[in-house]
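First listed ligand is number 1; within each ligand, the first listed atom is number 1. Predicted model, so just to flag it, every value in this text is computed and none were measured.
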Amino acid sequence: MTWAPVPFGSPFSMANLPFGVVRPRGSDDRASRVVVRIGDHVLDLAAAGIEPELTTRSTLNALMASERGDAIRARAADVLQGRERGDWLWPVADVEVLLPVAVGDYVDFYSSLDHATNLGRILRPNDEPLLPNWRQLPVGYHGRAGTVAASGTPVTRPDGLVAGPDGIGRLQPTAALDFELEVGFFVGGPRAARIAPDDADRHIFGAVLLNDWSARDIQSFEYQPLGPNVAKSFITSISPWVVTMDALRPFLVESPVQEPAPDPYLWMQRPWGLDLALQVDLNGHTLAATNFDRMYWTFAQQLAHTTVNGATTGAGDLFGSGTVSGPTPTERGSMIELTWRGANPIHLADGSTRSFLHDRDTVTMRGFFGEHAGARTDRVGFGDLTGTVIGSDLTHSSTGKDRDAALSS
Ligand code: MN
């Protein structure tokens with residue numbers, strides 16, 4: 001099918017061809033290029049003569065805004081299947097893989113019924129787990145776009161106010177650092193408002209894996225009444241290969257029946273669920289595996305909801321799906337659920353236990369489309385999304401005096 005080498009089982013088959021941005025190792029930003037990933041290589045689109053005005057760039061934003069993505073991806077497929085073989089493929093090991101998008105507005109949702117129910121039970125054990133609005137609209141908050149980072153970026157343990165037994169907040173490194181297993185959806189095309197759910201594929205460019213790193217102790221002190229702020233804004237990691245709407249379209253499936261039916265602006269006639277198997281590992285030990293097909297609110301409804309008030313979308317806007325959890329204990333997409341806020345610590349293969357993340361822990365997320373995504377030659381997935389925790393400044397130097405001494409030495 002292609003002259004490019006594709007290892008068996010690679011998520012980057014000809015059926016995928018996701019976009020990304022790379023530069024040769026050691027070069028500066030002017031050498032950045034838009035590429036498509038194939039197997040363990042990247043195709044340099046500009047070198048292959050494919051729309052260099054959009055592909056000689058350091059982000060995908062211009063391409064995403066242009067509505068030329070499908071055509072460019074189709075031309076890349078033609079090149080990879082054609083007779084001519086130029087010097088257009090680089091081993092991915094020889095390039096630096098960059099954050100692919102200058103993220104515009106970032107909204108993170110809360111759209112998994114099982115996750116929202118678990119969090120309600122943990123945080124408000126005496127109340128109904130779901131608040132009354134939850135089944136009527138996709139609940140979300142605006143996050144910090146400027147700290148979205150590519151896979152592999154170290155995650156510095158954040159400092160913040162944590163309430164002591166006396167109810168007084170004190171500045172300290174979080175003792176409850178968590179991950180959230182999510183999928184991110186990038187907006188493309190011209191600015192638009194009041195988008196109907198069934199028009200979502202004209203406005204969503206593609207998808208990535210997303211880890212919404214969270215500091216649960218900082219979050220529980222700050223979040224009322226306006227929602228999370230610095231407990232989540234320190235970093236949000238995404239996988240660097242943007243799987244396009246064309247590539248994921250074969251995996252669209254019916255989402256769960258919504259009861260009660262939402263307001264008509266959120267109605268869907270077309271299927272907007274995704275058959276997407278997800279997994280999260282901690283230091284190589286699989287903590288949870290679930291499927292995105294049970295998400296209660298779809299990305300199409302999130303887009304409709306975000307624009308119903310007349311607010312416009314822009315190419316490069318990012319929607320986080322919300323933590324993806326399933327109904328069983330091994331399908332929980334965050335530590336706070338997996339350990340029930342530390343009540344049931346996780347036992348790792350090396351004999352250690354975890355309630356939340358330790359320094360030097362590495363979290364890896366993976367996602368493959370299609371329910372039989374095992375051994376096949378046309379696999380579509382994201383590749384790994386990883387992040388390793390490093391200690392906070394306060395961990396290493398707990399007082400200003402210590403810092404001053406370190407600076408003067
Ligand atoms: Mn989240």
Side-chain angles (χ1 to χ4, degrees), residues 103 105-124 129-131 133-134 137-149 151 153 155 158 160 174 176-186 207-224 226-239 274 276 278-280 282 287-288 290 292 294-299 301-303 305-306 317-326 331-339 341 356-357 363-365 367 382 385-387 389:
V103 179
D105 285 307
Y106 164 45
V107 179
D108 192 42
F109 286 91
Y110 192 56
S111 289
S112 156
L113 178 65
D114 293 300
H115 173 73
T117 303
N118 286 338
L119 267 280
R121 287 192 178 130
I122 293 167
L123 300 178
R124 295 176 288 101
L130 293 182
L131 294 174
N133 63 353
W134 197 88
L137 56 83
V139 170
Y141 68 95
H142 275 263
R144 190 170 189 84
T147 50
V148 176
S151 175
T153 304
V155 177
T174 178
L177 183 60
D178 203 350
F179 57 79
E180 291 190 341
L181 171 64
E182 302 196 23
V183 177
F185 295 91
F186 276 113
V208 292
L209 286 174
L210 185 150
N211 186 344
D212 177 23
W213 301 90
S214 301
R216 301 300 182 190
D217 44 6
I218 298 170
Q219 184 180 352
S220 54
F221 192 55
E222 75 170 358
Y223 85 106
Q224 291 174 329
L226 289 181
N229 186 10
V230 301
K232 285 167 175 279
S233 62
F234 52 101
I235 186 171
T236 303
S237 307
I238 63 169
S239 56
L274 273 174
L276 168 59
L278 297 169
Q279 177 183 321
V280 56
L282 173 58
L287 295 184
T290 188
F292 198 75
R294 283 184 297 261
M295 292 297 276
Y296 190 88
W297 295 103
T298 66
F299 66 88
Q301 291 174 311
Q302 293 170 345
L303 182 64
H305 181 66
T306 303
D317 287 356
L318 175 63
F319 296 142
S321 62
T323 308
V324 185
S325 294
E331 292 179 87
R332 294 172 177 164
S334 64
M335 295 283 281
I336 191 172
E337 291 169 272
L338 287 163
T339 70
R341 207 183 199 175
F356 290 99
L357 298 172
V363 176
T364 303
M365 296 175 177
F382 293 109
L385 168 57
T386 70
V389 179

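Near-neighbour remark for the Mn ion (ligand 1): protein N, O or S atoms under 2.8 Å are Asp108 OD2, Glu180 OE1, Glu182 OE2, Asp212 OD2; waters not counted.
Between the side chain of Asp317 and the main chain of Asp105, a donor-acceptor pair closer than 3.5 Å is present. Side-chain atoms of Glu182 come within 3.5 Å of backbone atoms of Gly322 as a donor-acceptor pair (strictly under, hydrogens ignored).
Within a 6.0 Å radius of CZ in Arg144, other residues, nucleotides and ligands contribute 12 heavy atoms or fewer.
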Which is it for Arg216 and Glu180 under the salt bridge (Lys or Arg N to Asp or Glu O under 4.0 Å) test, yes or no, and what are the steps along the way?
-> CA-CA 11 Å; Arg216 301 300 182 190; Glu180 291 190 341; 2.9 Å; yes
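Tested against Val183 for a side-chain contact (heavy atoms from CB on, under 4.5 Å), the candidates Leu276, Leu210, Val208 yield a single pass: Leu276. No option in Thr117, Thr323, Asn118 other than Asn118 meets the side chain to side chain donor-acceptor pair (under 3.5 Å) test with Glu337.
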